[in-house]
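Everything on this sheet refers to the single structure shown next.
Note that these values count all heavy atoms, side chains included, but never hydrogens, waters or copies made by symmetry.
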Amino acid sequence: TEFNTSYVPNCPLHDTNQNAAYLALQLSRLGDMNESYSYWTFGDVFEEQGVPFTPFHGGFGLVANGCITKPTFWTFAFYKKLKESEANCVYKDDNIVVLKRANGDYLGVAWNIARKSTEQGKEKMLLEFTFPAEQEEYCFLTKTVDEETCNPLKVWHDMGEPSSLSEAQKKLLKEGAKPFVETFREHLVDGKVQISLMVRENGVVYFEWFP
């Protein structure tokens with residue numbers, strides 16, 4: 001009932017985007033590899049090794065002290081939307097899961113776990129897929145959580161890692177802890193719509209596709 005990427009409450013990985021991408025893979029295996037997954041824990045305030053006194057310290061939680069959402073929080077939020085959609089899974093591999101609603105809409109989650117770094121910088125993963133379609137135009141919605149767009153740990157580090165946050169600093173960290181929302185319009189070609197989705201290293205992207 002107590003699962004995380006590390007069993008200690010001060011592991012730096014817990015605060016990172018890599019943690020979020022890794023958990024996206026684990027949650028995609030629910031029903032295949034395990035019946036349930038109980039992430040330990042929801043909040044970072046944990047007393048076993050002493051109450052923490054900084055916003056980020058590698059704590060177990062999905063939410064840092066001050067109600068600052070960590071990247072892994074959004075992994076669970078995205079999967080919650082998949083579950084609530086009551087859609088059927090139509091494709092799944094080690095980087096993406098795609099569901100289809102009864103009305104023909106699609107939605108899913110994609111992720112890119114860091115495995116190695118290149119000399120040019122962070123690796124990117126391009127996912128390309130084709131959907132059967134009936135309407136002339138479709139909206140493609142993405143919500144991105146990665147090291148560039150939703151990384152409160154980096155914001156805190158760049159601020160000088162203050163242990164006691166002012167209200168302005170806390171507000172800034174909360175703003176830097178939200179997914180980046182983007183929309184595209186795609187057109188029907190030969191009865192199909194082609195979609196390209198770029199996922200940066202350690203990124204998790206929720207997407208929807210609808211007329």
Side-chain angles (χ1 to χ4, degrees), residues 16-33 37 69-118 120-152 154 175-211:
T16 66
N17 293 85
Q18 185 178 19
N19 195 74
Y22 175 76
L23 264 295
L25 172 62
Q26 298 306 319
L27 293 180
S28 75
R29 294 174 172 177
L30 284 174
D32 296 335
M33 304 297 293
Y37 189 98
T69 52
K70 298 185 187 181
T72 307
F73 173 92
W74 296 107
T75 297
F76 279 89
F78 294 162
Y79 271 91
K80 184 174 185 288
K81 291 180 70 69
L82 298 189
K83 181 175 174 58
E84 291 175 343
S85 69
E86 298 183 352
N88 295 317
C89 182
V90 294
Y91 182 79
K92 180 171 65 173
D93 61 27
D94 286 342
N95 296 109
I96 191 172
V97 56
V98 183
L99 280 67
K100 183 180 181 180
R101 292 191 177 102
N103 63 0
D105 296 353
Y106 290 86
L107 68 162
V109 175
W111 57 90
N112 180 10
I113 307 172
R115 306 205 184 270
K116 62 179 181 179
S117 295
T118 63
Q120 290 76 25
K122 296 293 185 181
E123 289 186 338
K124 296 179 180 180
M125 181 179 65
L126 178 64
L127 297 172
E128 296 180 305
F129 36 95
T130 303
F131 292 106
E134 298 178 357
Q135 305 297 323
E136 287 297 321
E137 289 184 307
Y138 286 82
C139 177
F140 188 57
L141 163 72
T142 61
K143 297 182 180 182
T144 301
V145 173
D146 60 28
E147 293 177 346
E148 295 184 20
T149 62
C150 180
N151 188 351
K154 178 184 182 300
E175 290 174 351
K178 295 179 180 179
F180 177 73
V181 179
E182 195 169 11
T183 55
F184 306 91
R185 180 172 288 193
E186 301 290 346
H187 296 270
L188 187 70
V189 178
D190 297 329
K192 299 177 181 179
V193 172
Q194 293 183 332
I195 301 294
S196 295
L197 179 62
M198 182 71 73
V199 186
R200 286 187 286 264
E201 192 172 65
N202 292 327
V204 180
V205 180
Y206 170 86
F207 62 88
E208 292 186 23
W209 172 75
F210 50 86

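Not counting sequence neighbours, F180 has no partner by the ring-ring contact (aromatic ring centres under 6.0 Å, His included) test. Residues passing the ring-ring contact (aromatic ring centres under 6.0 Å, His included) test with F184, sequence neighbours excluded: none. For K154, the salt bridge (charged side-chain N to carboxylate O under 4.0 Å, His left out) partners are D158, not counting sequence neighbours. For Y37, there are no side-chain hydrogen bond (donor to acceptor under 3.5 Å, both in side chains) partners two or more places apart in sequence or in a different chain. With sequence neighbours left out, D32 forms a side-chain hydrogen bond (donor to acceptor under 3.5 Å, both in side chains) with K92. Applying the side-chain contact (heavy atoms from CB on, under 4.5 Å) rule to E134 yields the partners Y138; only residues at least two apart in sequence or on another chain are considered. In terms of the side-chain hydrogen bond (donor to acceptor under 3.5 Å, both in side chains) criterion, T16 has no residue partners (sequence neighbours excluded). By the side-chain hydrogen bond (donor to acceptor under 3.5 Å, both in side chains) test, Q194 pairs with no residue at all, sequence neighbours left out.
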Can you give me every donor-acceptor pair (side chain of residues 102-113, partner residue at least two apart or in another chain, under 3.5 Å) with its distance?
residue: N103; atom: OD1; partner: D105; partner atom: N; Å: 3.0
residue: N103; atom: ND2; partner: D105; partner atom: OD2; Å: 3.2
residue: W111; atom: NE1; partner: D94; partner atom: O; Å: 2.8
residue: N112; atom: ND2; partner: V199; partner atom: O; Å: 3.1

Donor-acceptor contacts, no H, no angles, side chain residues 204-211, under 3.5 Å, sequence neighbours left out:
residue: Y206; atom: OH; partner: E208; partner atom: OE2; Å: 2.5

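Within the structure, the salt bridge (Lys or Arg N to Asp or Glu O under 4.0 Å) test picks out the following pairs touching residues 176-196 (sequence neighbours left out): E137-R185. Each salt bridge (Lys or Arg N to Asp or Glu O under 4.0 Å) pair with one or both residues in residues 78-89, not counting sequence neighbours, appears once here: K80-E84.
Inspection of the Q18 and Y22 side chains reveals no N or O donor paired with an N or O acceptor under 3.5 Å.
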